[in-house]
Amino acid sequence: MDKLDAPALRNRIETFAQAQAIGRWDLGAASSNDSSVQVDRGEAKQMKAAQRSSITVRVWNGDGLVGITSTPDLSDSGLQKALAGAQEASAFGNPDDSPAFSPLATAPLQPLEQPLHEPRGILELLTSLKDAERQLLDRHPALTTVPYNGLAERSSERIYLNSDGACRQQQLTTASVYLYARAEQAGRKPRSAGAVRLAYGASDLDIAGCITEAADRTIAHLDYAPIHTGHYTCVFSPEAFLDLIGAFSSLFNARAVLDGVSLSSRSSLGQSLAVPFLSIADNGLHPGNIGASSFDGEGTPTRRLSLVEGGVLQNFLHSEATARAFGVAPTGHAGLGAKVSVGPDWFEIGATPGAAGAALGLDRHAASGQGAAPGGGLVLIDSLSALHAGVKASQGSFSLPFDGWLLQGGEARSIEAATVAGDIRSLLKAIVGFEGEAKVTPDGLCPHVWVEGLSITGEA
Amino acid sequence: MVVTLSTSSAIPSGSVDRFDQDWRKPLEGLLGLGSAAGADLVEVFLESTDHLGVLAEQERITSVSPAFGTGAGIRVFRGERDGFVSTNDLSEAGLRRALEQALGMLGLQVPSLGASGQGGFDGLATLRDFGASKADWLRACPSLSEATTRLLEGTDRLERHGAHLQARRGSYARDWQEVLVAASDGTFARDIRLHQSLGLTVLAADGEHRASAGRRYGSSGRPEHLAQWDVESSAQEVCSSAGTMLYSDYVEACQVPVVLANRFGGVIFHEACGHLLETTQVERGTTPFADQVGELIAHEAVTAIDEGLSDGAFGSLSMDDEGMEPQRTVLIENGVLRRFLSDRAGERRTGHTRTGSGRRQSHAFAAASRMRNTYIAAGPHSPEELIASVEKGLYCKAMGGGSVGPTGQFNFAVEEGYLIEDGQLTKPVKGATLIGEAKEVMPRISMCANDLELAAGFCGSVSGSIFVTVGQPHIKVDSITVGGR
């Protein structure tokens, strides 16, 4: 990959901006090299590679209004055209909500431990994935195919520059493997499940762990049965609960609050949102966050931010513009745009230190004869699907298909097909407690979470 | 034809501004190199794009997002295997590097420069220029000023027609694309595409009651789309839906007959069945219909079609992304499975002949068999007959999004639903989700009405997000699981 040359890019942009009478600008640029393979029953299915570059330029016109343009064309003519496009768009900038440079765009960055790896090359990736597929299929005779699989590696670089002298640059290598197996038995419906692993290089990927997890999860679903529709106490896996909180992250999003599409409002800060033993933080710098960014789209450093403590809403995620509107500092969660988006990095979810409620809840549940005890009925939600369609973040409601187990009479049986429905505000108040150690996942850190009284639709 | 193994034919100056005959020589050079290296087929896809996105919120334009770009995707087949490389670098060196990388994936190497070879490549055919009559499309589109004015008109009408509105949004997207496809089987074709979409959404809130509603309107090849948009009726429809649903109760989970409204109700057929009729699913072994051509897989009331021909429809094409003219493909005829949708790779790997369905989001994706305008054909009944035939059930007037799992289970949200009691629509309900499996539900579509309509949408799958149309008349499903509270 050709490295992005930040000083040279700055010089070119400054020259072109001057020629177009643009005095104030900033930009985000990125380039990447990707390679990936997929296999099908011992043969290469598809091998792909991509060289990409892109740049997003913002300019401020004489009235202080912002325009933006994006392009993959980093040639001189491409940059000139982008500046001209942004200048034209700035005439339609929003005077009520105009972004500015982040006051933290030159603040020191926290160092990240992100070792750079040389690419292994696509043919080596292919050999590894073929081997992984074979090992997975050998785990059980019912495992017939691995219809969704992939092994990929990427090297990338990103830059943030502005006309006040800010200059951020980050290089990164990452790799990923996913294996999604399908199992079939005569007279039974096909079942499938999978696993994914991330690392800074393909040689560091835990492929063996991915094979074992994909096999174990798929095989565990072979013996399935329908579940009766009703209300159940549910235990969310760390992955499932993180998915749910991520889908409702507009609760913590200052942009959504200002736009009137969040369930939270300005006055929600300091108010109770959840049971008094729940803590949620956003921490993009956690070492488990593979591929973390050290700065956001506006150059603001990434940092840990407490969102909920003791069940009480503490902070919102901010860009420069939303932070200015709230009278606080940007938090490092911005994109780059004429209207700047805001989003979370990586959640840490667990019990508030010193709060005893979580343990008490589980004890109470065990004493009541529910849960995993004989005669009780407990639903373990292993993974949620269709979050893009089944979550109405602005209304608080969700209805989501899931893979999971019914724990009854001391035994666990895979659930054939079901959905879980509810309201996120009610769910956060119905958490019973946490179980097990917090687990590091691609989306965050979380233990198993027990929730009472959720509606499950299986067989009506 | 003997091809000189060199790409020395210069990439035309100003190349990214127009893809035309000037690209013949350099492309023939690349294809010749790939063929001589031992590839069965080499395909080059060149693309230039010009995008504009505008967002209006309340009384303000809050985002104007222009973007433009160019790129190439080079795909090499050898047997059933293929390698694909995409790049933003359209220079001679950049394209050659991409070709070499794609060949390398298959263990092939470019012969030394200056050598000669046939490789089975006989040169490109005469350019089929589907874009020749479309050169003015981009200029004929509304200006930025006109687009912003129209969107603000939309959010103003929402304010007039809605109650308890907490947020009003109007969005406009214009996607212009010029493509040139060249392949070592002689394919040489150019096209210009224009897609425009408009959306209106509202969030209504009153105390603890909340409801959102939205509609999207899209077209292809119609520069006048924005000017002809009926903003008044669009705003009324959206506000009516949000107002109806604001105070509605949640539906109880049940297993009942369901009547699905026309237009976007077709999203269920698209997701739950249409994807299973793409050869990508046959290749993966993930469709239950793989060996059932000629067999009854749906109720005899069901005929389903996928085509790229309807004038102005969002999924219509002059040629697919592999240079083939689209067809009208009858997927299911009176319940019997007739055809699968196929692309180059699908034809090579499954034997199903191509249907002009090779589609991709951009040069960064290899084409795959994808749907275009997909719909259930009209039947003999009136919509009222369908509703009158249900004693107790659910009417789904507006559908939200949904998904289909890898084993065929689907799950769709109902945005606007009503109970059916004794053949009449009664109270509105929210929170309903339709749950099932295509193989089980298709035989239960027992009645189709005579009011087929299409609706624009976006479909995300293996080759990215593409413009499609879904559609159907009102249909009745005899029994389906409805998820609720």
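Chain A is the first sequence line, chain B the second, and so forth, proteins listed ahead of strands; every chain is numbered from 1. Values in this document were obtained by computation on a predicted structure and should not be read as measured data.
Taking chain A as the reference chain and counting heavy-atom pairs below 4.5 Å, the highest number among A167(B), A345(B), G483(B) is found for G483(B). Annotation: maximal heavy-atom pairing with chain B below 4.5 Å, among S397(A), S394(A), P95(A), occurs at S394(A). Residue with the most contacts toward chain B among Y180(A), F398(A), Y148(A): Y148(A) (heavy-atom pairs, distance under 4.5 Å). Ranking L144(B), D89(B), T433(B) against chain A, the residue ahead of the rest is L144(B), based on heavy-atom pairs under 4.5 Å. In terms of non-hydrogen atom pairs under 4.5 Å with chain A, the most contact-rich of G104(B), A211(B), S65(B) is A211(B). Most heavy-atom pairs under 4.5 Å with chain B: of the set T69(A), I122(A), L123(A), this distinction falls to T69(A). With respect to chain A, the highest number of heavy-atom pairs below 4.5 Å among R81(B), H51(B), E252(B) belongs to R81(B). Ranked by heavy-atom pairs shorter than 4.5 Å toward chain A, the options G73(B), A205(B), S212(B) are led by S212(B). Contact tally against chain A (heavy-atom pairs below 4.5 Å) for T87(B), V64(B), D82(B): the top residue is D82(B). Contact count against chain B (heavy-atom pairs under 4.5 Å) is highest for S70(A) among A338(A), S70(A), A44(A). Chain B forms more heavy-atom pairs under 4.5 Å with one residue of S385(A), G85(A), S53(A) than with any other, namely S53(A). With respect to chain B, the highest number of heavy-atom pairs below 4.5 Å among Q395(A), K48(A), Q46(A) belongs to Q395(A).
T49(B) does not touch chain A: none of its heavy atoms, backbone or side chain, sits under 4.5 Å away. With a 4.5 Å cut-off on non-hydrogen atoms, F412(B) does not touch chain A at all. Heavy atoms closer than 4.5 Å to chain B are found in both the backbone and the side chain of D423(A). Neither the backbone nor the side chain of E271(B) comes within contact range of chain A; no heavy atom of the residue lies under 4.5 Å from a heavy atom of that chain. Interface residue L126(A): only side-chain heavy atoms are found under 4.5 Å from chain B. For a residue to count as touching a neighbouring chain, one of its non-hydrogen atoms must lie under 4.5 Å from one of that chain's; by this rule R485(B) touches chain A with backbone and side chain alike. Contact annotation for L52(B): neither backbone nor side-chain heavy atoms come within less than 4.5 Å of a heavy atom of chain A. Both the backbone and the side chain of I61(B) have a heavy atom closer than 4.5 Å to some heavy atom of chain A. Within the 4.5 angstrom heavy-atom criterion, atoms from both the backbone and the side chain of D259(A) approach chain B.
A donor-acceptor pair under 3.5 Å is absent between the side-chain atoms of D97(A) and the main chain of N94(A), judged by distance alone. Looking at T62(B), its side chain never comes within 3.5 Å of a backbone N or O of A56(B) through a donor-acceptor pair. Checked by atom type and distance alone, the side chain of T229(A) pairs as donor or acceptor with a backbone atom of G458(A) at under 3.5 Å. E47(B) contributes a side-chain N or O that, together with a main-chain N or O of H363(B), makes up a donor-acceptor pair within less than 3.5 Å.
Between E59(B) and R168(B) a salt bridge is recorded (basic side-chain N to carboxylate O distance below 4.0 Å). Ion pair E80(B)/R348(B) not flagged as a salt bridge, since none of the NZ, NE, NH1 or NH2 atoms sits closer than 4.0 Å to an Asp/Glu carboxylate oxygen.
Residues R191(A) and S414(A) bring a donor and an acceptor atom of their side chains to less than 3.5 Å of each other.
Atom CD of E100(B) sits about 9.0 Å away from atom CD of Q109(B), to the nearest 0.5 Å.
F365(B) does not carry R360(B) over the face of its six-membered ring by the limits of under 6.0 Å from the centre and within 45° of the normal. A cation-pi arrangement is present between R188(A) and Y224(A), with the terminal nitrogen or guanidinium carbon under 6.0 Å from the aromatic centre and inside a 45° cone about the axis.
The nearest pair of heavy atoms linking G42(A) to K130(A) is O-CE, 3.4 Å. The shortest heavy-atom contact between G194(A) and R217(A) is O-NH1, 2.5 Å.
Applying the 6.0 Å contact sphere to CD of E440(B) captures more than 12 heavy atoms from other residues, nucleotides or ligands.
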